[in-house]
Amino acid sequence: MKVSKLLLGVNVDHCATLRQARYRGVDRESGLAVEPDPVFFAQLAEQAGADGITMHLREDRRHVQEADVRRARAVLATRLNLEIACTVEMTQFALDLMPEAVCLVPEDRQEVTTEGGLDVVGQRERIQTVTRAVKAAGIEVSLFIDPDTVSIETAAAIGVPVVELHTGAFANAFHGRDCNKELERLLRGAEKAHSLGLIVNMGHGINYQNIRLIRSIPHLHELNIGHTILSRAMFTGVTEAVREMKALMNP
Ligand code: PXP
């Protein structure tokens, strides 16, 4: 049996968060040393072996800015996966930008980072409308959902080719009693999604420790990883941080 390589999408949002902590509202063209640049981070990650780059343009623009996404679209050599909320404004932005992929994610202004999967049951109509528009433009669509049967079945019924299963609960439980239970949920979720013909991606809270369990999950196509790579890169540099994660993903 041929085992395909597990792909790495590097999420650069937290690099933009760090920049905004000092330079909110300051333009790159201002002449000030607006840093760190998430697009440069993305380019270094690509050179070190990242298979794609993920950026979340939030409605409140708290980290990634429109200008970042447009520059990334122009200079990236791999694939740009744009995460957006399910709104008319963000759909229009995606259709204008034409990234290779769009991942629909929930947004809550109170959260620090995306805390849970999409409410695919409650918001089915809205998600379906956006999915149709984005698919019709030839962009690959995925839904960021919790690894439960109802969400996975609903995603399949909506007609997306890809789901990204939320690994946050597993990552939070990694050192606790519920670690095996949460891993089991991901395993069952991956089996279910695969059985329905969906491509299975995962992301959120994956790090250099828990990757050893994550990679044991069957049918995985791509992992989206951000915070841990940026954190490691502060001490080792981006190249080493990306290479090490890729080596752990595909031992
Ligand atoms: N996937 C999605 C949909 C996300 O929202 C995030 C976090 O922004 C990630 C993956 C990456 O999570 P982390 O930064 O914890 O690796």
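Predicted, not measured: the structure shown is a model, and the values here were computed from it. In this chain, residues are counted from 1 in sequence order. Counting convention: from 1, in listed order, for ligands and their atoms alike.
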Atom indices of ligand 1 within 4.0 angstrom of Asn224 heavy atoms, with elements =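 Here the atoms of ligand 1 in question are 10 (C), 11 (C).
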Are the side chain of Glu59 and the backbone of Glu107 linked by a donor-acceptor contact shorter than 3.5 Å?
->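 Here the side-chain-to-backbone pair does not exist.
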Could you name the option among His14, Glu164, Arg58 that has the heavy atom nearest to atom 1 (N) of ligand 1?
->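 Checking each option, the heavy atom nearest atom 1 (N) of ligand 1 is found in Glu164.
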Any idea which of Glu83, His227, Glu107 brings a heavy atom closest to atom 2 (C) of ligand 1?
->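 Among Glu83, His227, Glu107, the closest heavy atom to atom 2 (C) of ligand 1 comes from Glu83.
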Can we say Arg71 and Asp37 salt-bridge, meaning some charged N sits less than 4.0 Å from an Asp/Glu carboxylate O?
->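 Yes, charged N to carboxylate O under 4.0 Å.
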Does a side-chain N-to-carboxylate-O contact under 4.0 Å join Arg185 and Glu182?
->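 Looking at Glu182 together with Arg185, the answer is yes, because their closest N to O distance falls below 4.0 Å.
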For ligand 1, is there an N or O atom under 3.5 Å from any N or O atom of Val105?
->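 Min N/O separation from ligand 1 is not below 3.5 Å for Val105.
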Ligand 1 N/O within reach of Ile225 N/O, cut-off under 3.5 Å |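 No - when backbone and side-chain N and O of Ile225 are compared with those of ligand 1, no distance drops under 3.5 Å.
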Nearest heavy-atom pair of Asp146 and Ser151: which atoms, and what distance?
->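 Minimum heavy-atom separation between Asp146 and Ser151: O-CB, 3.7 Å.
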Contacts of type salt bridge (Lys or Arg N to Asp or Glu O under 4.0 Å), residue Arg61, not counting sequence neighbours |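 Checked Arg61 against salt bridge (Lys or Arg N to Asp or Glu O under 4.0 Å); matches are Glu66, Glu89.
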Is there a heavy atom in Gly205 that sits closer than 4.0 Å to ligand 1?
->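 For ligand 1, residue contact (heavy atoms, under 4.0 Å) with Gly205 is present.
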Consider ligand 1: state whether an atom of it lies below 4.0 angstrom from any non-hydrogen atom of Asn11.
->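 So Asn11 counts as touching ligand 1.
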If we ignore angles and hydrogens, is there a donor and acceptor under 3.5 Å between the side chains of Thr54 and Asn81?
->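 On atom types as modelled, these side chains qualify, holding a pair under 3.5 Å.
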